[in-house]
Amino acid sequence: MTIKIEALGKQIDSSTSTWLFRDVNTSIMEPTIIGILGKSGQGKSTLLRILGRLLPPDAGTVFLEKKEMSLWDARAWRMKISYVAQQAVMLPGSVEDNLQTVSTLHQRPFDKKLASDLMEQLYMEEIDWSKPAAQLSGGEKQRLALVRSLLLQPPVLLLDEVTASLDTKSKQAAERLLVDLHHQTGTTLIWVTHDLEEARVACKRIWFMANHQLAEDTECEAFFHSPQSVEAREFLQDGNVHAALSEVQR
Amino acid sequence: MTHTFTGSYMWLFFAYAFVFIALLLSVWQKLGLEKDILIGTIRSTVQLLAIGYVLNFVFAADSVWFILLIILMMILVASWNAASRAKHLSGIFWRISLSLAITEIITMGLLVVLGLVSPTPQYLIPMSGMIIGSSMIVTSLFLTHMNREVEASRGEIETLLCLGATTRQAVHVVLKRAVKASMIPTFDTMKTIGLVQLPGMMTGMIVAGASPIEAVRYQILIMLSFSSSAAISAVLISMLSYQLWFTRDSMLHS
């Protein structure tokens, strides 16, 4: 599953021609885990939403398997590159209805065993599947939304801060599950996170966004050890100070 | 004693006393509705007088072409009015026109074919007007509800799209809610009619000298036909329009 991003740009406001980001060029040639880092407001989520075909770009394009975005049927594209939102949205009905969404939509048999396994790995084995999904807690909703997307089994998953609302234990379980999934099935993960530790442990490559562009596109280790740009150094420093403070507060 | 309005237009002059009351209250209470009251008054007077003369002419001419022309005009005006609820949806006008036209053909066609109304301009035109008018309200309500539902359920729709749903699948639940909400007032009216208000058609017939039983017979007929016209127009406009909330790439319009 190859992805090539070419001169991609998105405007904040088309009337004033101010760019959220522009001229993003990069490619993914083999299964990997990419962490998208950067300060708030750099367009990380927007970039994910463009890749997931929920938003149109204002400039440039994306190629999936050497075929340009507009030549793809949007539905076929989304079955290969699936976006998981930061705010988990429960679909009407029970937990089981939510788990069965993919099988209902695509008239596939429901893989109950896989669903149960995934739920268990995210410490959700105690959840009653007949319970209305709307009644779950925020963290449970987030984990259920993740399982629901994993049941689609797309080759590329776009994760928009999916662990942000989870407690430490669930967060680690979700990270473990996603990394294992990548190793076992070759699923590519493109992961927006504000958690530097999460990015350092889970990701192989970092896309760092700053100054309205993709400022760095490098190996994870290289990014954390020797960031090239001033912005990246500042970002890491701020992040480390923040992490240290959190540690002290704990 | 029976009053008639033939002859002079003095009655109209006195009828404006009602408008004067409304104007007075608006000025007194500083409602700022004077302009709307005046425009409404002038438009309703001119439009109704004009249609009165037109109908007089059409009834006398008794030509099927004139009947069709009047019905077509009703459909176009109703479509224009309903389309104003969703100006951001390009192509909504002809979709509304088509659903209103099909609703009119099925409902009026059935009324005529089953021999429930005689195919004369005196019956076809007023009843068509009522069917198209009621369908226009259903269509307007659908568009208003759909706009609101799509905005409120953006997350739900996008979640389904991300799971590989077609636009139809993604919008299905939202569409169903909007269709249902647009039809409810029609059925609510059916439940209270005769108890809360005497409908216009029936009142008109009684005032014009028809027996209440005869007036009620037509009113029942029209109310029952409203139930099918509401369902037909709501389902048709939903099927014809849901794609308009999506881009060609099946993304929700921002």
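Chain A is the first sequence line, chain B the second, and so forth, proteins listed ahead of strands; every chain is numbered from 1.
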Worksheet entry | Side chain, backbone, both or neither of A:R49 within contact of chain B (heavy atoms, under 4.5 Å) | side chain
Worksheet item: Side chain, backbone, both or neither: which part of B:T159 has a non-hydrogen atom closer than 4.5 Å to chain A?
Response: side chain
Fill in: Other residues, nucleotides, ligands: >12 heavy atoms within 6.0 Å of A:F110 CZ
yes
Discussion item. Tell me if the CD atom of B:Q29 is crowded by more than 12 foreign heavy atoms within 6.0 Å.
Written reply: yes
Item to complete: Look at atom NZ of A:K131 and say whether more than 12 heavy atoms of other residues, nucleotides or ligands are closer to it than 6.0 Å.
Response: yes
Fill in: A:T101, part contacting chain B, at a heavy-atom distance under 4.5 Å
side chain
Worksheet item: Of all of A:M79, A:M69, A:H106, which one pairs up most often with chain B through heavy atoms under 4.5 Å apart?
Response: A:H106
Worksheet item: Where does A:I81 contact chain B at under 4.5 Å (heavy atoms): side chain, backbone, both or neither?
Response: neither
Fill in: B:M190, CE: over 12 other non-hydrogen atoms inside 6.0 angstrom
yes
Worksheet item: Can you tell me how far CZ of A:R78 sits from CG of B:L160, rounded to the nearest 0.5 angstrom?
Response: 11.0 Å
Discussion item. Tell me if the NZ atom of A:K67 is crowded by more than 12 foreign heavy atoms within 6.0 Å.
Written reply: yes
Fill in: salt bridge (Lys or Arg N to Asp or Glu O under 4.0 Å) partners for A:K113, two or more places apart
A:D117
Worksheet item: Which bit of A:L54 comes within less than 4.5 Å of chain B, counting heavy atoms only: side chain, backbone, both or neither?
Response: both
Item to complete: Pick one of side chain, backbone, both or neither for A:P154, based on which atoms fall under 4.5 Å of a heavy atom in chain B.
Response: neither
Worksheet item: Do A:S82 side-chain atoms and B:L163 backbone N/O form a donor-acceptor pair below 3.5 Å?
Response: no
Worksheet item: Is atom CZ of B:R85 surrounded by more than 12 heavy atoms (other residues, nucleotides or ligands) closer than 6.0 Å?
Response: no
Response to the item:
Assert top hit (heavy-atom pairs under 4.5 Å, partner chain B, pool A:V102, A:L55, A:L105) equals A:L105
Discussion item. Below 4.5 Å, heavy-atom pairs only: which of A:L152, A:T104, A:L91, A:L158 has the largest tally toward chain B?
Written reply: A:L91
Item to complete: Determine yes or no for a side-chain-to-main-chain donor-acceptor pair under 3.5 angstrom, with A:R75 supplying the side chain and B:G164 the backbone.
Response: yes
Discussion item. Tell me if the CD atom of A:Q87 is crowded by more than 12 foreign heavy atoms within 6.0 Å.
Written reply: no
